[in-house]
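The chain is numbered in sequence order, starting from 1. Quick note: numbers below take in every heavy atom, side chains included, and nothing from hydrogens, waters or symmetry partners.
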Amino acid sequence: MSFALDLSDRMAGHQAFSEILGRLERSGAARSIAAELERASEPPSDEELHKLLYCAGVFVQTEHLGYRRMAQSIALNALIVAAGNEGAYERGRRILTDLGNFPALARVARPGPETGSSFLDALRRTLSRELNSVRVGAEWLPLTDFQKDTWDELPEASAIAVSAPTSAGKSFLVIEHLCRRVERAEAFCAVYVAPTRALLSEVSAKIQKRLGEGADIRVSTVPTIDPAAPARQVFVLTQERLQVLLAVSSVTFDLVVVDEAQNLSDGSRGMILQDTIEQAVRRSGATRLVLLAPGARGFETIGATIGVPDMNVARSELPSVLQNRIQVRKAEAANALVLELLTPEGPRPLGNLRSERGFDVPESRLAAAALELGLEGGSLVYATGPTDAEKVARQLAHGRMDDANPALAEIAHFVKEHIHADYTLAGMIRKGVAFHYGKMPTLLRETLEGAFRDGHVKFLACTTTLFEGINLPAKNVFIDTPTRGTGKPLDPAALWNFAGRAGRMSKDIVGNVFLVDYEDWPEKPLDAFVGYEVQSSFLKTASDVPDRLVAALEGAMPPELPNDDDATRVRAAAGLLISRAAGDDVQGYVDRTLGSLDAGLRVRLTEASIAASKHIALPASLLATNWTVDPFGLRRLYDNMLEKVAAGETRSLMPVNPLGRSASTSYGAIFTRIHREVNRGSEGFAGLVSGVALDWMRGLPYPALLAKAVRREERRNEKRREANRIKREQNPRSRVRDPGEIVVDDVIRREFDLIEDQVRFRYVQLGKAYVDILAMVLRETEQDGMVGDIYDFPLALELGIATKSGWSFMELGLSRIAAAALQPEFPDSHLTPAAARKWLAGIPDVGALRLGPVIVEELRRLRLISHQS
């Protein structure tokens, strides 16, 4: 044991230490709240504060995480509580210097020369900061010690996992590392894998901004190979888009970055992620791999599973800002709240808040507490799902007046113009309130995020979409439940990840997580930190439900039902095993990835996979890129196509351009065939999806799409009312009730779900399998000349636009809304990305296009037009 550690043990064990530290932390938390508290804790005296700072100076000399965490808490809370105490200010900054927390140090620095500092302290601080600084563009940015250590390790590591708290600057480091490698190479190809489409545009925009204009580097979120592309490329893709890119090309990568790598544990999508990482790494021995995750463990085991046994791990568990967890409960008085600071020893009183607002109603208490406690800085308010997010935002909006902010007026106009005239979000926006969920259109979601970052939107009611990936920290986070959706418990690690949004590195030194009615939660997941345990979803599925997996391999694929959480991952795991068996690789794959399971089970899975592969008898190349679709269903679809060809109906199988006259008939038949043969589902549902999908592929604007959805719902209601009228005539005692008036927000939300879950996800996978099987059938029946006529409708489904020009606009980073608005403005539906960029750059007056300020701002943000045009 070192002398510093021994001395730290003795100091922390002193009877008075915990009591004084507790008063300091409670005082700091109370002062960080933008409201006046009654009965707030008295801060330590100057002498007591001096003793705590002395202890912190010793703690920071150890490598003990708990003591370093205490040292940072003492330093930052001292800077909050003792603002006018020069000695506390200097000692607090010295401790932050020793911790290497330069972002916080910069935040508390006073303008002008450091007149109060001793020469040695100033010199020490300057030297330490310079040693931790890296140049980004024209700026020198100081990094935390963790960031600097990771930065130094990145160039040499062939495979590295970076684990650190939310907002610790992980993605910033890796994006800068990626951009430098691209800039310095003559030829380079990288892929940045992000879990959601929401994150794709954010990361793509950051990379494009960092690389600047004029760089001969392709940055693409579209999984296509451009023969005319420069020798340097960066793809920013979801795992599904990467799967497509690997299937259609032999591309090899110099660098693979996987953000939110804890998603390797996430059901069927985790299996896709694992498989694509394996493929990408296996294609070239020179490929370097970087995995990123917030507060995660288990990377060493995952490394061996994906074929990278020598995985380095860079880990930090020390956030760069204070994050106070504050319990909030209603006081006995109707108009008061009781606040308590959650500590390792339990809740400790902070004080009471009196208000003119009442807090009696549990259903509105979350919004009421947020309105009272979240007045300073932006506030994220957790909602269990899209419906709840709308409800919470509505409650928040009721408590605020319209804001005269012109930026909010612009966004409200955009919502009415480009989403729907009756969407209640527009009215909320004018009050500085919004809701946010993952299935919203990209440009709308990004606009809301930007308005929140810029301080225009003060309250954002959000779902688990913001738990990962999107860089949207806030001053305050409000949570009143540890559940999601219909009451299912949240992963405690995910909840900690969201809580980590409180406090913005380089902008704040403290953030507050308000836990409303925490004492009534059935579980207390925020009592002690819980990190992610990264594990293979494939291994977990085989371990959790082995009998269902074996049954699926034997042909009893479980149907995908809303309440069957295991069905999707069982289907994916079975498909993955059958594809490996078709490629004569199943024995080695099972032993490598499922080595921890019973040997007898591994044999059963291997034998069942081989038998299924022989029964299905489809090529390994087909199954290897379509294993997320039921392989038995793929065989049925293949047989059906052969029958059609034999009957001379080959043309009826061909997908056509969605803008053509025969598109409606063509896609109605194709979607019905897919749903009937592969999913064994109802043809009525296939008809609904095909109609929406066709409008989507044609680039129909959201107002038109949603207006159609509203009319469909009105027709359904009319049919229900007529059916109920007949029932009442036949039975006067019948109590059937007519449906109520249509709620436009509900229709919009359901349409977003249909587009994102079915059109852009499930039918993209099914559509790719359809196209691949059709091409195989055409070659087998000696009709090779028709293969080139197959329209790539899975890509059109994914992007929501049907022309090469539209795809090119989206490759430049534009949203579908912007691409669809631009597409009819240029008389060439086959623009390449380079031609699209050139045309946009040459527009003399973008105002003449009447695109609206939000779309114009997107064009400017992506540097596709000048700020003067």
J.: Can you check whether F514 reaches V477 side chain to side chain, under 4.5 Å on heavy atoms?
T.: no
J.: Compute whether any side-chain donor of one residue and acceptor of the other, for S815 and E446, lie under 3.5 angstrom apart.
T.: no
J.: Closer than 3.5 angstrom, by distance alone: can the side chain of S204 be matched with the main-chain N or O of L200 as a donor-acceptor pair?
T.: no
J.: When you compare the side chain of P482 with that of L495, does any pair of heavy atoms fall below 4.5 Å?
T.: yes
J.: Could you tell me whether D402 and R430 have a side-chain N and a carboxylate O separated by less than 4.0 Å?
T.: no
J.: Salt bridge check: are D520 and R329 linked by an N-O gap of less than 4.0 Å?
T.: no
J.: Going by atom types only, do T464 and R484 share a side-chain donor-acceptor pair under 3.5 Å?
T.: yes
J.: Are Y518 and D527 linked by a side-chain donor-acceptor pair shorter than 3.5 Å?
T.: yes
J.: Looking at residues at least two apart in the chain, or sitting in another chain, which of them share a side chain to side chain contact (heavy atoms under 4.5 Å, CB included) with D480?
T.: L366, V516
J.: Determine which pairs satisfy salt bridge (Lys or Arg N to Asp or Glu O under 4.0 Å) with at least one residue from residues 447-456, sequence neighbours left out, and list them in order.
T.: E202-R453
J.: Parallel, tilted or perpendicular: which fits the ring planes of Y423 and F752, with parallel below 30° and perpendicular above 60°?
T.: perpendicular
J.: Taking side chain as C-beta onward, heavy atoms only, is R297 less than 4.5 Å from S163?
T.: no
